[in-house]
Amino acid sequence: MEPHLLYQVSEIIYDVSKGSKFFNNEEARDKSLTLKIDRILKKKADLERLDLGNDKRKADHLIEELELSRDLSQTIVHIDCDAFYAAVEELDRPELKDVPFSVGKGVLTTCNYHARKFGCRSGMAGFVAKKLCPQLIQIPLNFDKYTSKAQEVREIIVDYDPRFESASIDEAYLNITEYCERNSIEPATAIENLRREVHEKTKITISAGIAANTKLAKICSNMNKPNGQFQLPNERAAIMAFMRDLPTRKVNGVGRVFERELDAVGVKTCGEIYSCRQYLSKLFGEKAFSFLMGCYLGLGRTSVQPAEEFERKSVGTESTFAEMGDPTALRKKLRWTAEELEKDMVRTQFKGRTLCLKVKLHTFEVFTRQVVPPKSIYQADDLYKYSLPMLLKLEQEFPGMKLRLMGLRCTHLLSMKKADTMAFFGYKTKMPTDDSDINSTSGTLKRKLDDIEEEHWEEYDERLFEDAERLEREDELNELETLSQEIDKRRHHGKEIVPNPKKVETLDEEWWDCPVCLRPQRSNEKAFNEHMDLCLSRQTIRDVVQEATFDKDVSTPLPLKRPKTERGKIKSALSDPKQRKLFFG
DNA sequence: GCGGATCAC
DNA sequence: TATGGTGATCCGC
């Protein structure tokens, strides 16, 4: 975009935004970022007076170490559908092709390239975009449509890498090393074919980056966008040269804030990271330090992994609404939010051991509060019961508060998928391993699988898979009930939990120290007892898990996160015809 | 472990 | 008139 146009765009954005609550909040955030940067600069000035020889050696040592780990043997590809939602909409409504339009009401989720010429961007408020481009057509989201289109694309890329990794609905990482070898084809040619095939079959254009690892591939897919590709050779010199002049912001993980902070200490490009290496760890922390060293060297992950194999860490829901201050209305909204979350918890088959309430005030300030209920929960009644005290406390903290958003999220998840839970609580003698074969699967599913193997998968009736799923689900529910009771017994030392569903606890000013965890707790007797129960039960769970999971060594801490079981993998594989094919030859 | 903040899409 | 939802991670305390 031309500089003078760019200026006009930002001027318009400023004019329509200034004075709004949103804008005021942005300004406040900007101010605090400026202060943070001042602190960073002062710290750097202090460091400059010190001898940082040690830090420099530490950095150089890390560079050496990282260099040894450099793996140039893999060919990784990042593919990215161009303006995906907009492209899908255009297929249904070809008349949109030549006019600027955006997808998403209120805030633009994405927009086509015509709209971008006017300065419209994803994430922009609808009314601002309309100001920039009065003829902009705004259409609502059709999530189901995008999901099914994405599936069409995936059915093609699976032929290039059956273990591809979905990074989001419209992005994927592939490892095509083996594909290229097997077909004696150059990566660039293979990806040209892939892009052509995707376009022919789905009418979606995609951009691709080809490089030695995921970090580089992701950057490369942005180089010739839209509908283009870029390959960075798997050579150290080429990679170093590429990174040297690359603005830090281009790297995944460097956002608006980190870019500004780095800029302030004189780092605009990844190459400039090197000259600052002795400061980085003290200025930005150890994690950021090694991340930046990886950026300087152009290192990244060389493995890709199906997304289903990643473990989920939270389930949550949130929504924005017209400013609301009436406590009764807020309770009603909380109740509704709890009901929404229950649906997601059931859908994903999890209970949560902690519950997090998020609110956004009318000023756009965001606050979160969390509790650990005395048991893991997922039902709306429980979600509401345990989040209400947090809401009440916030009302005390901000008298007369008005909200524009409310959200609930469960973390420290407990999987309700039977295999996981059984293994977790020691009902299986051996933890499933990653590469265990299909025969290690037990129960209903295995029998079904044995049957299937005798037949040809393509001829197998889809409904029988559903039957298997349903049978298994019934099994799970029954066993889960038994298991749940067993767990509760163990967790509470045989004490009965007395439910008290209606009474809302008041928040006392007084605090007592819990004798188990030694932390201050509300002095309300019931709440205090519940908390103590939890503290005790945590210890009990540790004991149970250690007994069940480990032969001798009980020093390992509570494994909150467990590897996904083989059974889970098989189930996800069965839901995809291409992968099913892989399983059965 | 909690709450704020950042980041990606 | 008016600025999203979901999930992850890191830091300071």
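Per chain, numbering begins at 1; letters A, B, ... match sequence-line order.
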Take atom [atom1] of [X] and atom [atom2] of [N], then tell me their distance rounded to the nearest Å.
X: E311(A); N: dA8(C); atom1: CD; atom2: P; value: 10 Å
X: L341(A); N: dG7(C); atom1: CG; atom2: C1'; value: 13 Å
X: D344(A); N: dG5(C); atom1: CG; atom2: C1'; value: 11 Å
X: E365(A); N: dT3(C); atom1: CD; atom2: C1'; value: 16 Å
X: F321(A); N: dA2(C); atom1: CZ; atom2: C1'; value: 16 Å
X: K21(A); N: dG4(C); atom1: NZ; atom2: P; value: 13 Å
X: M406(A); N: dT6(C); atom1: CE; atom2: P; value: 14 Å
X: E318(A); N: dA8(C); atom1: CD; atom2: C1'; value: 13 Å

Check: Has K131(A) got more than 12 heavy atoms of other residues, nucleotides or ligands less than 6.0 Å from its NZ?
Finding: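 No, because the 6.0 Å sphere around NZ of K131(A) holds 12 heavy atoms or fewer from other groups.
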Margin query: Can you build the contact string for nucleotides 3-9 of chain B? Use B for base contact, S for sugar-phosphate-only contact, and - for no protein heavy atom under 4.0 Å.
Written below: SS-SSSS
Checklist line | R335(A) bridged to E339(A) by N-O distance under 4.0 Å | finding: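 Yes, charged N to carboxylate O under 4.0 Å.
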Item checked: Short side-chain N/O contact to dA8(C) OP1/OP2 from R409(A), under 4.0 Å ->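 Answer is no, no contact under 4.0 Å.
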Next item on the list: Give a yes/no answer on whether the side chain of T317(A) brings an N or O atom under 4.0 Å of OP1 or OP2 in dT6(C).
Entry: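 For dT6(C), OP1/OP2 do have a side-chain N/O of T317(A) under 4.0 Å.
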Next item on the list: Would you sort out whether F398(A) and F367(A) count as a ring pair (Phe, Tyr, Trp, His ring centres under 6.0 Å), showing the intermediate values?
Entry: CA-CA 11 Å; F398(A) 307 104; F367(A) 297 94; 4.7 Å; yes
[atom2] on [Y] to [atom1] on [X], rounded to 0.5 Å:
X: F101(A); Y: L96(A); atom1: CZ; atom2: CG; result: 5.0 Å
X: R312(A); Y: C410(A); atom1: CZ; atom2: SG; result: 11.0 Å
X: K42(A); Y: L47(A); atom1: NZ; atom2: CG; result: 10.0 Å

Check: Want to settle it: does S122(A) or L283(A) sit nearer the 5' end of DNA chain C, counting the closest nucleotide to each?
Finding: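 The residue whose closest nucleotide sits nearer the 5' end is S122(A).
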Checklist line | 5' precedence on DNA chain C between E286(A) and F364(A) (nearest-nucleotide basis) | finding: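 With E286(A) and F364(A) compared, the 5'-side residue is F364(A).
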Checklist line | Contacting residues from residues 106-118 of chain A, given that a heavy atom lies under 4.0 angstrom of DNA chain B | finding: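 When residues 106-118 of chain A is checked for heavy atoms under 4.0 Å from DNA chain B, there are no hits whatsoever.
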Which of the following nucleotides, [options], is nearest to the side chain of [X]?
X: K358(A); options: dT6(C), dG4(C), dC11(C); result: dT6(C)
X: S314(A); options: dC2(B), dA2(C), dG7(C); result: dG7(C)
X: K360(A); options: dT9(C), dG4(C), dA2(C); result: dG4(C)

Is it the case that the side chains of [Y] and [X] hold a donor-acceptor pair, with the cut-off being a distance below 3.5 Å and no angle test?
X: N25(A); Y: T363(A); answer: no
X: Q305(A); Y: Y173(A); answer: no
X: T354(A); Y: T411(A); answer: yes

Notebook entry, point to check: When you compare dT3(C) with dA8(B), how far apart are their P atoms, in angstrom units rounded to a whole number?
Noted result: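 Those two atoms are separated by 24 Å.
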Item checked: Sub-6.0 Å ring centroid separation between F143(A) and Y85(A) ->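 Yes, they do, as the ring centres are separated by less than 6.0 Å.
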